[in-house]
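Each remark here refers to the structure printed beneath this line.
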Amino acid sequence: MAYDFDLFTIGAGSGGVRASRLAGAAGARVGVAEEFRIGGTCVVRGCVPKKFMVYASEYGQGFKDAAGYGWRADNLRFDWATLRDNIARDITRLSAAYASNMTKSGVQIFEERAEIEGPHSVRLVTSGRVVTAERILVATGGHPSRPLDTPGQRHAITSDDAFSLPALPRRAVVLGGGYIACEFAAIFQGLGVETVQLYRGAQVLRGFDDDIRAHVHAELERSGIAVKCGKNIAAIEQAGGVYRVLLTSGEEIETDLVLLAVGRQPYTEGLGLERAGVKLEKNGAIIVDAFSRTSAPSIYAVGDVTDRINLTPVAIREGQAFAETVYMGKETRFDHTDVATAVFTRPSVGVVGCNEAEARKRHGAIDIYKANFRPMKHVLAGNEQRALIKLIVRQHDDVVVGVHIASPDAAEMIQLAAVAVKAGLTKAQWDSTCAVHPTIAEELVTLKEKVRDPVAGKMEVTHTAG
Ligand code: FAD
């Protein structure tokens, strides 16, 4: 049977664009549908605009720090509209570049919603057109969750709305304890917004190393954010232009903006996957194998919609592995181990490999090395913010199995550390690498003393520099 396309991709985000572009360049006839904007979450309402806002928010502390270095910056003002509009302009530029790259690879773009009609057919919702394809790739990403049973939750915005606010609020309440919540709390605070972060769990950044979690919590508070863990929301009320966040404890917080960042869900509702026999997890994630194949032989899925590791570079590599396997004659499966990740708080966090609890379970006996110090740049600045660097080493073969950094530029450092962790280098090999001085990163190759192993009960000797 002749199909209209060899491949039809639903969703032009990180995963869908990479897969479509490579398949098209390899000679496949490819169509892609996008219901919102080309580029997807990362470009339009995720990593890219967020990082611009992070940069903007860092200037606040930067101006304060500069005074200790002799700079006088008087009459400082922040203009939200300038930032918002400059970000919007760059997103438009990037989105156009993504579209143009796909078109250059021969991909036909349909700027409308697509739904699955059957194993080989897709309906384009606005035009009503039905197209057929030998294979369908679902790359529809995720969307912010809403606690629908919380009265008044509709008064809250999500990260999707945070980049286009008409004005910066004077006060904000951020609900959630994950990386997106922590990042937005830090952004708002850095831009001068009085910020409260509420989280129902015991500590922010669930899933991260416990030392990093405690460190980030303390530093968010030091920067001026009121971080309140163990708090449950009962309702959100609106009264005369302000909001009141009511907690189950009976406390009330008045604010000008409530940002919900309580998790994300795979975006599969209404997609028609059941019509093609595609099996889903309970949370709506598409179940796939190591080659991103779903339970329907002609349908594949990559990126956040599969809820494996929800990060842009992972979606890209999954999309690439799919295209290489199916259209480029090179069987490829993306290896999801030791994927580095960052949290763009102040200080930022960079992580690769196991956290301490996971390492104990997975590897048994481990050694911990830590440095908790005040970065040199902060000394003249009078900035009390501290850095934490932690290495986890498997005892039996000396391999470094986890690196956890909370410090300025941690995201940049962890990219390089990830090469060493991925390569399975030993602590002795890290130590044989000569330091770059004076840097924060030199701690990575100069950590000498082991921290007490609470399991074995040895003496604690925390290496503290600075
Ligand atoms: P997406 O990029 O979400 O793309 C899916 C696309 O499909 C969307 O454009 C959507 O409109 C479209 N679509 C959905 N359904 C349909 C349909 N039926 N028809 C047509 N089109 C459809 N990751 C990082 O690595 N680093 C970060 O710093 C980072 N920061 C983030 C900050 C925020 C606030 C958020 C929300 C996410 C962040 N992420 C970050 C995660 C990252 O954005 C995602 O992991 C990545 O975008 C996933 O790519 P994807 O291709 O799976 O889906």
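What you are looking at is a predicted structure, and each value in this text was computed from that prediction instead of being measured. Order of listing sets the numbers, starting from 1, for every ligand and every atom in it.
The nearest heavy-atom contact from the protein to atom 47 (O) of ligand 1 is Cys42 N, 3.4 Å. Nearest to atom 53 (O) of ligand 1 among the protein's heavy atoms is Gly141 CA, 3.3 Å. Lys50 NZ, 2.6 Å is the protein heavy atom nearest to atom 28 (O) of ligand 1. For atom 19 (N) of ligand 1, the nearest protein heavy atom (residue, atom name, distance) is Ala114 N, 3.0 Å. Nearest protein heavy-atom contact of atom 46 (C) of ligand 1 is Thr312 OG1, 3.5 Å. Looking at atom 52 (O) of ligand 1, its nearest protein heavy atom turns out to be Asp304 N, 2.8 Å. Protein heavy atom at the shortest distance from atom 6 (C) of ligand 1 is Glu34 OE1, 3.5 Å. Among all protein heavy atoms, the one lying closest to atom 41 (C) of ligand 1 is Tyr179 OH, 3.7 Å.
Although no hydrogens or angles enter the test, the distance criterion places a donor-acceptor pair under 3.5 Å between the side chain of Arg84 and the main chain of Pro166.
At least one heavy atom of Arg264 sits less than 4.0 Å from an atom of ligand 1. Residue contacts with ligand 1 leave out Glu115, since none of its heavy atoms falls under 4.0 Å from the ligand.
No more than 12 heavy atoms of other residues, nucleotides or ligands sit less than 6.0 Å from atom CZ of Arg200.
Note on ring orientation: taking the six-membered ring where Trp is involved, the planes of His336 and Phe334 are perpendicular (angle over 60°, cut-offs 30° and 60°).
Listed by number with element, the atoms of ligand 1 under 4.0 Å from a non-hydrogen atom of Glu112 are 20 (C). Close approach of ligand 1 to Leu311 is summarised as follows: ligand atoms under 4.0 Å from at least one heavy atom of the residue are 23 (N), 24 (C), 25 (O), 45 (O). Numbered from 1 in the order shown, with element, the atoms of ligand 1 that lie under 4.0 Å from a heavy atom of Leu271 read 18 (N). The Gly15 neighbourhood of ligand 1 comprises atoms 51 (O), with distances under 4.0 Å to a heavy atom of that residue. Numbered from 1 in the order shown, with element, the atoms of ligand 1 that lie under 4.0 Å from a heavy atom of Phe344 read 28 (O). For ligand 1 and Asn310, the ligand atoms under 4.0 Å from any heavy atom of the residue are 41 (C), 45 (O). With ligand atoms numbered from 1 in the order given, ligand 1 contributes 20 (C), 21 (N) to contacts under 4.0 Å with heavy atoms of Ala33. Here is the list of ligand 1 atoms found below 4.0 Å of a heavy atom in Tyr267: 14 (C), 15 (N).
A salt bridge between Glu384 and Arg374 is present, with a side-chain N of the basic residue lying under 4.0 Å from a carboxylate O of the acidic one. Ion pair Asp335/Lys422 flagged as a salt bridge, since at least one NZ, NE, NH1 or NH2 atom sits closer than 4.0 Å to an Asp/Glu carboxylate oxygen. Between Glu35 and Arg113, at least one side-chain N (NZ, or NE/NH1/NH2) sits under 4.0 Å from a carboxylate O, which counts as a salt bridge. Classification of Lys390 and Glu356 as a salt-bridged pair holds, one side-chain N sitting under 4.0 Å from a carboxylate O. Salt bridge status for Asp211 with Lys370: present, with a side-chain N to carboxylate O gap under 4.0 Å.
With Arg346 as the fixed residue, the side chain to side chain donor-acceptor pair (under 3.5 Å) test singles out one of Glu183, Gln189, Gln61, Glu58: Gln189. Considering Phe52, Phe184, Trp80 in turn, Phe184 is the only one that fulfils the ring pair (Phe, Tyr, Trp, His ring centres under 6.0 Å) rule with Phe163.
Taking the six-membered ring where the residue is Trp, the centroids of Phe36 and Tyr267 are separated by 6.0 Å or more.
For the pair Arg135 and Tyr327, the distance from NZ or CZ to the six-membered ring centre is under 6.0 Å and the angle to the ring normal is within 45 degrees. A cation-pi arrangement is absent between Arg29 and Phe8, since the terminal nitrogen or guanidinium carbon is not both under 6.0 Å from the aromatic centre and inside a 45° cone about the axis.
Counting heavy atoms only, Thr140 comes closest to atom 15 (N) of ligand 1 of the residues Thr140, Thr41, Thr341. Of the candidates Gly303, Gly40, Ala139, it is Ala139 that places a heavy atom closest to atom 5 (C) of ligand 1. Taking all heavy atoms of Gly142, Gly11, Gly272 into account, the minimum distance to atom 7 (O) of ligand 1 is reached by Gly11.
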